[in-house]
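Here is the structure we will look at.
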Amino acid sequence: MEVTENFNQFTVGNLPTLIYVADFITNIEETQLLNNIYGAPPSKWKSLKNRRLQNWGGVVHEKGLLPQDLPPWLTMITRRIYEKSGLFPSAINHILINEYQPNQGIMPHQDGPAYFPVVAILSLGSPVVMDFTPHPKLKNNIIPESSNGDAFVTEKNEWKDSHHPFSILLMPRSLLIFKDDAYSGKYYLHGIKDSEVHQYDGVINEVEALASSEKDVEVITRGDPKVIHRTSTRISLTCRLVFKVHKNLFKI
Ligand SMILES: O=C(O)CCC(=O)C(=O)O
Ligand SMILES: [Fe+2]
């Protein structure tokens with residue numbers, strides 16, 4: 001599937017295919033989303049070792065999705081991503097909402113096999129740097145994590161010659177979409193460091209990200225080194241499509 005003309009202008013880096021859209025939502029929409037997320041019943045949160053998450057759209061199993069209707073405050077966003085990107089073959093039906101404290105992150109991983117291989121991540125709150133690392137050659141250290149069907153992999157410093165590590169700065173209200181090599185666990189893992197200071201020297205989208213950052217300027221040091229001070233919580237919405245949807249639990 002081709003990126004819509006509308007979104008083609010937002011591709012960043014040299015790799016197929018990363019798209020960074022600054023200010024995909026407004027400040028008001030960001031506040032409304034945060035109100036809805038924190039207004040959800042406390043039981044909606046699941047605590048992991050290094051972050052909390054909410055799962056929306058149903059439970060992802062190896063064999064597909066046991067679907068649950070998405071609330072309108074989420075479909076308002078997923079419909080916009082679906083329509084503007086042109087990258088999903090049908091409507092987005094699964095959203096993982098991750099919450100990170102300033103000293104929390106997500107270890108390098110590839111997204112699970114149940115998903116159509118395109119992911120859209122909407123960022124709210126504190127900026128962070130996401131790192132893309134070439135997949136380790138050694139595959140004997142995969143640690144499965146059951147919460148969302150994703151496979152997590154411990155870090156190694158080996159990579160294929162043609163694929164080098166790179167990073168991307170994720171500002172609040174921005175949308176990141178990646179697919180192809182950047183998505184495929186064969187080539188890259190993505191992760192976020194669990195440190196309160198993130199260096200953004202050399203990120204592939206520095207110009208695009210900083211162009212819209214006036215009001216976030218207090219957390220960004222433009223000197224040497226270029227760093228972000230993560231002073232507040234970050235929330236991300238990981239929006240994906242699970243192709244196989246099971247209407248009936250007992251047929252799985
Ligand atoms: O929080 C993020 O930006 C990344 C989340 C992620 O990679 C995932 O949920 O699989
Ligand atoms: Fe991921």
Side-chain angles (χ1 to χ4, degrees), residues 12 18-22 24-25 30 33-34 37 45-60 65 74 77-78 81 92-135 142-155 166-195 198 200 203-205 209 228 230 232-242:
V12 289
L18 278 110
I19 294 164
Y20 178 84
V21 188
F24 183 72
I25 59 166
E30 182 185 27
L33 277 170
L34 289 169
I37 292 163
W45 287 106
K46 178 175 174 161
S47 289
L48 304 182
K49 235 190 303 172
N50 213 17
R51 66 197 152 95
R52 287 201 301 172
L53 58 83
Q54 292 181 3
N55 184 73
W56 293 91
V59 180
V60 182
L65 181 70
L74 280 173
I77 299 299
T78 54
I81 296 171
I92 288 164
N93 58 8
H94 192 261
I95 300 158
L96 207 60
I97 298 180
N98 285 300
E99 180 200 59
Y100 305 87
Q101 299 307 323
N103 63 349
Q104 294 183 324
I106 184 166
M107 63 162 87
H109 67 279
Q110 67 184 86
D111 287 5
Y115 301 106
F116 181 77
V118 176
V119 59
I121 297 174
L122 183 67
S123 292
L124 315 176
S126 175
V128 288
V129 171
M130 178 180 279
D131 303 311
F132 284 78
T133 43
H135 194 287
I142 290 172
I143 306 161
E145 181 165 302
S146 57
S147 65
N148 59 356
D150 291 355
F152 284 75
V153 180
T154 55
E155 230 169 338
F166 66 91
S167 300
I168 187 158
L169 176 51
L170 303 180
M171 297 303 289
R173 298 173 298 284
S174 72
L175 184 72
L176 170 70
I177 300 185
F178 57 95
K179 62 191 214 60
D180 303 321
D181 287 19
Y183 183 92
S184 165
K186 223 165 62 176
Y187 299 110
Y188 278 96
L189 305 175
H190 55 281
I192 296 168
K193 289 191 187 78
D194 58 5
S195 50
H198 280 180
Y200 68 91
V203 290
I204 58 170
N205 66 331
I228 287 165
R230 299 171 66 194
S232 58
T233 308
R234 171 175 182 262
I235 288 271
S236 67
L237 285 71
T238 301
C239 307
R240 291 175 288 204
L241 165 64
V242 183

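Each ligand, and each atom within it, is numbered from 1 in the order the structure gives. Residues take their numbers from the sequence shown, with the count starting at 1.
The side-chain hydrogen bond (donor to acceptor under 3.5 Å, both in side chains) search around H190 returns H109, D111, not counting sequence neighbours. Applying the side chain to side chain contact (heavy atoms under 4.5 Å, CB included) rule to S184 yields the partners K186, Y187; only residues at least two apart in sequence or on another chain are considered.
Annotation: Y183 is not in aromatic contact with Y188 [ring centroid separation under 6.0 Å not met].
In the model, S123 has no side-chain atom that pairs as donor or acceptor with a side-chain atom of R173 under 3.5 Å.
Ligand-side atoms of ligand 1 in range of T238: 5 (C), 6 (C), 8 (C), 9 (O), range being under 4.0 angstrom from any heavy atom. Shown in contact with S236 at under 4.0 Å from a heavy atom are these atoms of ligand 1, numbered in order with element: 1 (O), 2 (C), 3 (O). Listed by number with element, the atoms of ligand 1 under 4.0 Å from a non-hydrogen atom of R234 are 1 (O), 2 (C), 3 (O). Close approach of ligand 1 to Y100 (heavy-atom distance below 4.0 Å) involves ligand atoms 1 (O), 2 (C), 4 (C), 5 (C). Each of the atoms 5 (C), 9 (O) of ligand 1 lies under 4.0 Å from some heavy atom of N98. Interface atoms of ligand 1 facing H190, defined by a heavy-atom separation under 4.0 Å, are 7 (O).
With a 4.0 Å cut-off on non-hydrogen atoms, D111 touches ligand 1 through its side chain and not its backbone.
In this structure, the separation between CG on L53 and OG1 on T238 is 9.5 Å, given to the nearest 0.5 Å. Here the OH-CD1 distance, from Y100 to I235, works out to 9.5 Å after rounding to the nearest 0.5 Å. A distance of 5.0 Å separates CG in N50 from CD in Q104, rounded to the nearest 0.5 Å.
Considering each of E99, H109, R51, M107, the one bringing a non-hydrogen atom nearest atom 10 (O) of ligand 1 is H109. For atom 4 (C) of ligand 1, the nearest non-hydrogen atom from the set Q110, M130, R240 comes from M130.
When NE2 of H109 and OD1 of D111 are joined through the Fe ion (ligand 2), the resulting angle is 100° to the nearest 10°.
Ligand 1 has I192 within reach: a non-hydrogen atom of the residue lies less than 4.0 Å from it.
For the pairing with L124, the side-chain contact (heavy atoms from CB on, under 4.5 Å) check across L237, T233, I97 returns one residue only, L237.
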